[in-house]
Each structure stands twice: as C-alpha cells, then as structure tokens.
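Read through the structure below, which is laid out as structure tokens, and then see the notes.
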Amino acid sequence: MIAAMSDPARSAAFAHLAALAARPEARRIGARLAADPDRAHRLTFALDDLSLDLSRTALDETVLAGLFALAAAADLDGFRARLFAGAAVNVTEHRAAMHMALRSPADTGLRAALAAGGSEDASAIAGAERDRMRAFVAAVHEGRLRGATGERFTHVVNIGMGGSDLGPRVATEALTLGRSDAKLEARFLANIDGHAFAAAIAGLDPARTLFLIASKTFTTQETMENAAGARDWIAQALGEPAVGAHFVALSTNLKAVAAFGIPPAQVFGFRDWVGGRYSLWSPVGLVIALAAGWDKFQALLDGAWAMDCHFRDAPLAANLPVLLALAGVWHRNALGCTTHCVLAYDERLRRLPAHLQQVDMESNGKSVALDGSPAVAATAPVIFGEPGTSAQHSFMQLVHQGPAVIPVDFILAAQPDHDRVEAHRGLAANALAQAAALAFGRDEATVRAEMAAAGKSAAEIDLVAPARVCPGDRPSAFLMFHRLDAFSLGRLIALYEHKVAVQGCLWGIDSFDQWGVELGKQLAGGIQPALTPGSDHKAPDAATGASIARFQALRGER
Ligand code: F6P
C-alpha cells in the first residue's frame, strides 16, 4: 500500500499510520458509536452552519494524532502559507495556484508569482475583470446588449471542456434547476460529438442565442471544433457579420481569441495562476452569472472566499478542508480504500461528483513526488457518485455489501427551496439511514431473529440469512448545512478544492499540473488525419492501424 519512501519524516508518519491501521479496533465504527454517545459531538467540526461529522469513521484521538504528525512531517502549515503567498506551488509549470484571488475582494492584496520573476496583485487583477463581467451581465439582462438582429438574448450556450465546463455547469444547475427566476436558459456543450452539438442547439433561435467560448488555452480540440460549428450555425442563420455579436470568449490566450474574431469588449481574461479545474470563479463562470444573476455569482464567490479564509486561518485541528483531507488519507493510505463515493442528497448537485472527479483525480492522480521520485504513498482514489436517493437504488448495494470498503461523503441541506416538507424529510431520512446502515450494518444473529419473527422457516433462514448480513464498519463523512444557495455552494466547492490541495501536500505531489492528459491529446492529433480515407498518414502502431481499418470499413470508406 505504501510505496518507495524518499522523505524519511513523511515516510515514518505513513508507516506509523499503517501500524495504527493494524490494531484490531482500527476499522471498528459501529461498536465505537454504540459505546460512546458523545462521539458525534467530539468528531463534528463546523464553520458557521456547515458541519462535518466524522463520527462514522474509525478516527479516534490516536489516529488523529498520527494524521497531524503526518501533516507536520509534510509541512502542511508551510504549504498553506506558500499557497496563499502566491508561490509557484505548481512546480512543473512554474505557476502559482491563486484561484483564491478570484473570490477575494479586489483590495485583499493576494499576489501571484510570475514565471518570469516577480509577482502581480492577483486580487486587483481579478477584481478589475469582475467589474467588466458585471457590466456585461447587466447589459445583457437589461437588454442593452442584444443579438445582431436586435433581439434580446434568451439562451446562453457555454462551450468548454473539463474545468471550462464542469464547474460552471454544476454551479449553474445548482442555482437554477427547478427555479422560475433564471435570467437566461443555459446549455452546455463539451464533447466533440455531433450528437452533443445537436442537443445543445436543438430548438434554439440563433437570433436570441449567445455563445460563450470558455477555454483557458483556447487550443482545446473539442472546444475549438464546437466553437467553429457554433460560428457556422450563427453565420448561416444571420450572416457572417452577425458572428461578433453572438460570441464571448473567456480565456488566458487573448491572441487566439482575437484570431477567432471576437470583439475585445466581449473577451474576458484571466491568468495562468488559475488552473482549469479552479476556473469557475474566473470569467469562465460567466454563464453562471448570466443564468442565475450577478448577485448569485458574487455570493458564490463570497462563499468560496469564506472557506478560503477559514482554510488559511483556522488551526489544523478545527480546519474543515484539513480534517476532510486527513480522513481521506486515513482511508486511502492506512486502510487501503481505492475508491471514494460522493452522495449529495440534492438533485441540484447532480453534477457535483463529475466536477469533483476532475478536481480530485486530475489534481492528485499522480505517482511521482515533487522531486521526481516515486510518491511516498498511494494517491487519489477513484471518485464517483450520484444524487441520493437515486444512488441507493443502483450502486449502493455494492457499497453496503461488496468486497471493498468505499468511504462515502454525504451532503445534505437542512432547508430545501420547495415546500414539499415530507419529501425533504424523506430525503434526509434516507441520507441518515444510509450512513447508519454503513456504520452499524446488520449482523447474522439480528437477521435470523428478524426472519424468525416474520415467521420464516428454519430452512429459509439458513438459506437467506447470510445474504442479508450487512457487515457495517463502513466509513462515511456527513456534511450538513442550512440551505443550498450560492454562498453555501461556493463554500462547499472550495472546501473540496482545499481538501484536494491538502492531500496533495501530504502525498508530496504537484496537485496543480495534469501531464497525464497530454499524451492522449497528442496522439489524437496524429490519428485524426489517418482516419481520412486515402490519407498517407501512418497509424502510430499496428493495433491502432487495425482499428482505423475497421472504422473505415464500417463506414464504407475502404
Ligand atoms: O485536458 C485537461 C484540461 O487541460 C483540463 O485541465 C482543462 O480544464 C480542460 O482540459 C480544458 O482546457 P481549456 O480550458 O484550456 O480548454
């Protein structure tokens, strides 16, 4: 479970955690909860109305001490200070990770190191662009800015991939789903798939549609292909001169944006110190503001900033991102859990697991340490999830009784934004029931007694009882807050961002690069020309060549 050790202090801390995991009580959860009614109180941590209940894990004072020793060995305090000082914590790309500046007030003075040397006032730069965005959003909403034919915009299509899609998508959905007060109807187009393109524009009136091309690099193949398709669609319907009025660009690559023909007033920029998966707070979040309204976008930023300040200032032992991260490291490294489940009991958060997959797995799915040596420990688990309760009727069977222990994060707002009180109590009851079922399980004696009480025969009990046993001692964290609104959503997403950064620090890896995705991009660039019939481009290998031949044969192209 724990690989080569290049850092003696950190390695010793991981080894100590492994020793703690070997204790007989290391995996016991149900018995601890039953024996210690105060446990929920002691192991629940809070920031205002947001609570993180870790009582349904096997964490105890001894394990927490071991985890804090790891934090000390990894110099988590120093990492936090360097992160907020805008140091180049993204070492392989020589960049700061200063997404916090995007949500800080403009006069906060957060600075970001520049690759060329020196630093810049990231808060001020972000604030100035935010002012431009606010003015643009107001002009669209008030009908001062209209399409080429003078129609008001009613629909906005965000074209972007990865962080230029998932973050804005989860936030827009969370703030508009089922509400009648959305300012514009938002759609999202990410995949390089004509079916996705067709779905994104289905039923739309070009004269009333605004496209946002969201791409940090403005080179992403999928986004460029879809942007070209959208451009053609507008040009065919409204004429080439109409294009400028219907497109906005959100990017760091202002040269490429200019080449696309988007007028400078409709270009919103950000800097390299914003990673793609942290860009929803930047101009990439424009779709959120256009759909949900500026005030909600600002509240989203405010919520994230509240979490930033908590993460920066709170002692480690009361720090929500740190505690969530430590619990994750205990499960991943000491107990060997390879998978992690996120269950938001809120339909509005149905895309949250997808966003967290990128935030977590693109950040920490690494195997080398900052110095290029093998990482000292196993890193990011596989993240998956669906909204509760729907998940209960699909994969939760495996989480309850499957061979692997899969820690779960439950997420629940106490107060919904609808008036179906019993439905919400039902939703909450199910979340709590799942957490209890995972923790306590149901032993065979209880199952047998229940079946006997229900009048089952001894033969039937012998046959069925073992299959009905739930082992219990399956860990979960429970996040609860008052209401899902823009502020609490921003706080929640920032909580996970910082959790991931803390884990990256503990594992000694670069959480802010993503070199693993580059190889496939590079290969696709070479394979696409080889797919054209008659092309003399060679496939990179025989297996790909055979697949290309099959693809072309099925299409009748050879
Ligand atoms: O391929 C991965 C990635 O680089 C992500 O990190 C990023 O969010 C996504 O692609 C989209 O990149 P861009 O915003 O530059 O189009």
Side-chain angles (χ1 to χ4, degrees), residues 89-99 102 129 157-172 188-193 196-197 200 211-231 247-260 262 267-288 351-366 380 383 493 496-497 500-501 504 509-528:
V89 290
N90 179 351
V91 294
T92 70
E93 295 182 303
H94 314 288
R95 289 176 187 162
M98 198 20 102
H99 39 281
L102 299 165
E129 208 60 354
V157 181
N158 187 81
I159 299 180
M161 179 52 88
S164 298
D165 169 61
L166 294 165
R169 194 191 288 240
V170 71
T172 303
F188 292 85
L189 174 57
N191 206 352
I192 183 166
D193 181 334
F197 186 90
F211 286 96
L212 310 182
I213 313 301
S215 178
K216 177 177 169 176
T217 56
F218 227 72
T219 58
T220 301
Q221 185 201 18
E222 296 90 329
T223 302
M224 293 304 105
E225 173 64 32
N226 283 328
R231 196 182 198 289
F247 282 85
V248 172
L250 318 163
S251 186
T252 58
N253 186 352
L254 302 184
K255 256 194 204 159
V257 168
F260 190 88
I262 298 179
V267 178
F268 298 93
F270 56 106
R271 303 292 175 103
D272 271 351
W273 37 259
V274 179
R277 50 197 174 272
Y278 307 97
S279 64
L280 77 105
W281 325 97
S282 77
V284 167
L286 189 66
V287 63
I288 308 167
R351 296 295 292 172
L352 182 66
H355 178 52
L356 296 184
Q357 281 176 331
Q358 189 195 9
V359 170
D360 203 312
M361 293 158 75
E362 195 174 68
S363 296
N364 286 343
K366 317 275 167 72
I383 307 287
I493 296 175
Y496 276 99
E497 288 180 352
V500 166
I509 58 176
D510 187 338
S511 293
F512 301 103
D513 62 11
Q514 57 284 318
W515 294 105
V517 299
E518 295 304 323
L519 175 59
K521 286 186 196 174
Q522 208 181 320
L523 291 175
I527 291 170
Q528 190 164 341

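In each ligand, atom 1 is the first atom listed, and ligand 1 is the first ligand listed. Keep in mind it's a predicted model, so treat the numbers as computed, not measured. As a basis for the values below, the full set of heavy atoms in this structure was taken, side chains included, without hydrogen atoms, waters or symmetry mates.
Nearest non-hydrogen protein atom to atom 13 (P) of ligand 1 is T220 OG1, 3.3 Å. Counting protein heavy atoms only, atom 15 (O) of ligand 1 is closest to T217 OG1, 2.6 Å. Looking at atom 8 (O) of ligand 1, its nearest protein heavy atom turns out to be G163 N, 2.8 Å.
Taking both residues in full, the closest heavy atoms of E362 and V517 are given as OE2-CG1, 3.9 Å, listed atom of the first, atom of the second, then distance. Annotation for S251 and S215: closest pair OG-O, 2.7 Å, computed over non-hydrogen atoms.
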Side chain to side chain contact (heavy atoms under 4.5 Å, CB included) between T217 and N253, intermediate numbers included: CA-CA 6 Å; T217 56; N253 186 352; 5.6 Å; no
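Residue Q522 places its CD atom among 12 or fewer non-hydrogen atoms of other residues, nucleotides or ligands, all under 6.0 Å distant.
Using cut-offs of 30° and 60° for the angle between ring planes, the H99 and F512 rings count as tilted.
Under the 4.5 Å side-chain criterion, counting only non-hydrogen atoms from C-beta, D510 is in contact with N90.
At a 3.5 angstrom cut-off on N or O pairs, K216 counts as close to ligand 1.
Stacking of R231 on the aromatic ring of F247 is not recorded, the 6.0 Å distance cut-off and the 45° axial limit not both being met.
Short contacts between ligand 1 and V517, defined as distances under 4.0 Å to a heavy atom of the residue, involve ligand atoms 1 (O), 2 (C). Contact atoms of ligand 1 toward G162: 8 (O) (distance under 4.0 Å to a heavy atom of the residue).
Which of K521, M161, Q221 comes nearest to atom 4 (O) of ligand 1 through a heavy atom is settled by distance: it is K521.
The shell of residues lying under 4.0 angstrom from ligand 1, judged by heavy atoms, includes Q358.
In E362, the part holding a heavy atom less than 4.0 Å from any atom of ligand 1 is the side chain.
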